[in-house]
Amino acid sequence: MRFIPPTFLLGLYQKQSAICNLQSSIFSVKELREENQRLRDENNRLKGEQGKPDIKAKKNKGELSNHSSEKERETPKKHTKTSKNESIKIDREEILEYPRSELLLAYRDSPRAELARQLKSKFWELFDTKSGYEQLDERKRLTEAIASELLLVLEQKELPLHNNPAELAARTMVQRRNISYATQTTEGTKAIDTFMSLVATTRKLGISFFEYVRDRISKMRIIPSLATIIREKSSIYPFGWSWQPE
């Protein structure tokens, strides 16, 4: 019978104990990570955000999780990028071309009753035609519902052809909101709206906003009121001249 020293048995026992403790620690760390991720997901859910997505590895059909050899795992696979348009079947293509003489820009330069009738006819020809695509026909139907408002520019020539000025006017408020988020009180909201309105109005009238504010704070009254300036300009350039009775 072979004699085994007690020190060897003690060392073996200590190694086994260390291995068990290590496995227990790894398992505890894994549990703590899962609990931490669960709490993060719950916190994101309460804030209206999404949690961590559960992304699993993609496997091809018939492919095993464990490859048979290292060479097979390292062999690169050929990647072919396909176009998105290949999945869209186009069965008909129709291009509508209009010369510049039949567009609203030409009508704005030289408004004529005959050209206005042609533009209305082109409008209804375009939006009355059924394409066969449900979504496109639905957008056409919604456009037809506001046709009287869209074609009003043929009667009142001073109306703008687009809403770009309105979009640009709203950009300043959006930029301010992105920087300082929002006001904290009702008084702050009123103050911001008042000053933003003054900035936009003075800019359109060609007046320096800072000079206008300094004139009002110093009570010098060199610059007339904005209402007076607007009335003077409207008398020179009347907005509703096209529908005033002759």
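Note that the structure is predicted; figures quoted are calculated from it, not measured.
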| request: Using a strict 4.0 Å threshold on nitrogen-to-oxygen distance, state whether R38 and E35 make a salt bridge. | output: yes
| request: Please round to the nearest 0.5 Å and tell me the distance separating atom NZ of K233 and atom OG1 of T228. | output: 13.0 Å
| message | Does F209, at its CZ atom, have more than 12 non-hydrogen atoms belonging to other residues, nucleotides or ligands within less than 6.0 Å? | response | yes
| said: When you measure from the side chain of T143 to the backbone of R139, do you find a donor-acceptor pair of N or O atoms at a distance under 3.5 Å? | reply: yes
| Just wondering, more than 12 heavy atoms not from E134 lying within 6.0 Å of its CD? | no
| Point-to-point distance, once rounded to the nearest 0.5 Å, from CD of Q118 to CD of E125 | 11.5 Å
| query | Any side-chain heavy atom of L226 sitting closer than 4.5 Å to one from I207? | reply | yes
| said: Taking I146 as the starting point, is it possible to reach F127 by hopping between hydrophobic residues whose side chains are less than 4.5 Å apart? | reply: yes
| said: Please check: side-chain N/O of K140 versus main-chain N/O of T129, any donor-acceptor pairing under 3.5 Å? | reply: yes
| task | Evaluate whether atom CD of Q184 has more than 12 neighbouring non-hydrogen atoms of other residues, nucleotides or ligands under 6.0 angstrom away. | result | no
| remark: Scanning both residues in full, the closest heavy-atom pair of L115 with S110 reads CD2-O, 4.4 Å
| field | Pairing of K190 and E187 as salt bridge, 4.0 angstrom limit | value | no
| query | Looking only at atom types and distance, does a side-chain atom of N178 sit under 3.5 Å from a main-chain N or O of V174, one as donor and one as acceptor? | reply | yes
| In the single-linkage hydrophobic clustering (I, L, V, M, F, W, Y; side-chain heavy atoms under 4.5 Å), do F210 and L205 co-cluster? | yes
| said: So, taking the atom named NZ in K204 and the one named CD1 in I229, what distance separates them when rounded to the nearest 0.5 Å? | reply: 15.0 Å
| Is it the case that more than 12 heavy atoms not belonging to K130 sit under 6.0 Å from its NZ atom? | yes
| message | Can you tell me how far apart CE (M196) and CG (D193) are? Round to the nearest 0.5 Å. | response | 9.0 Å
| task | Identify whether F195 and I179 are in the same connected component of the hydrophobic contact network (ILVMFWY, side-chain heavy atoms under 4.5 Å). | result | no
| request: Look at atom CD of Q135 and say whether more than 12 heavy atoms of other residues, nucleotides or ligands are closer to it than 6.0 Å. | output: no
| Is there a donor-acceptor pair under 3.5 Å between the side chain of R216 and the backbone N or O of I223? | yes
| request: Would you check, one step at a time, whether the test salt bridge (Lys or Arg N to Asp or Glu O under 4.0 Å) holds for E114 with R117? | output: CA-CA 5 Å; E114 180 182 357; R117 288 193 297 268; 5.5 Å; no
| task | Working to the nearest 0.5 Å, report the span between CG of L154 and CZ of F123. | result | 10.0 Å
| query | Could you walk me through whether E144 and W124 pass the side-chain contact (heavy atoms from CB on, under 4.5 Å) check? | reply | CA-CA 8 Å; E144 288 181 358; W124 291 114; 4.0 Å; yes
| Between CG on residue L142 and CG on residue D137, distance to nearest 0.5 Å | 11.0 Å
| task | Verify the cluster assignment for V213 and M220: are they in a single hydrophobic cluster under the rule of side-chain heavy atoms below 4.5 Å apart? | result | no
| field | Expected output: side-chain T201 to main-chain L198 donor-acceptor under 3.5 Å | value | no
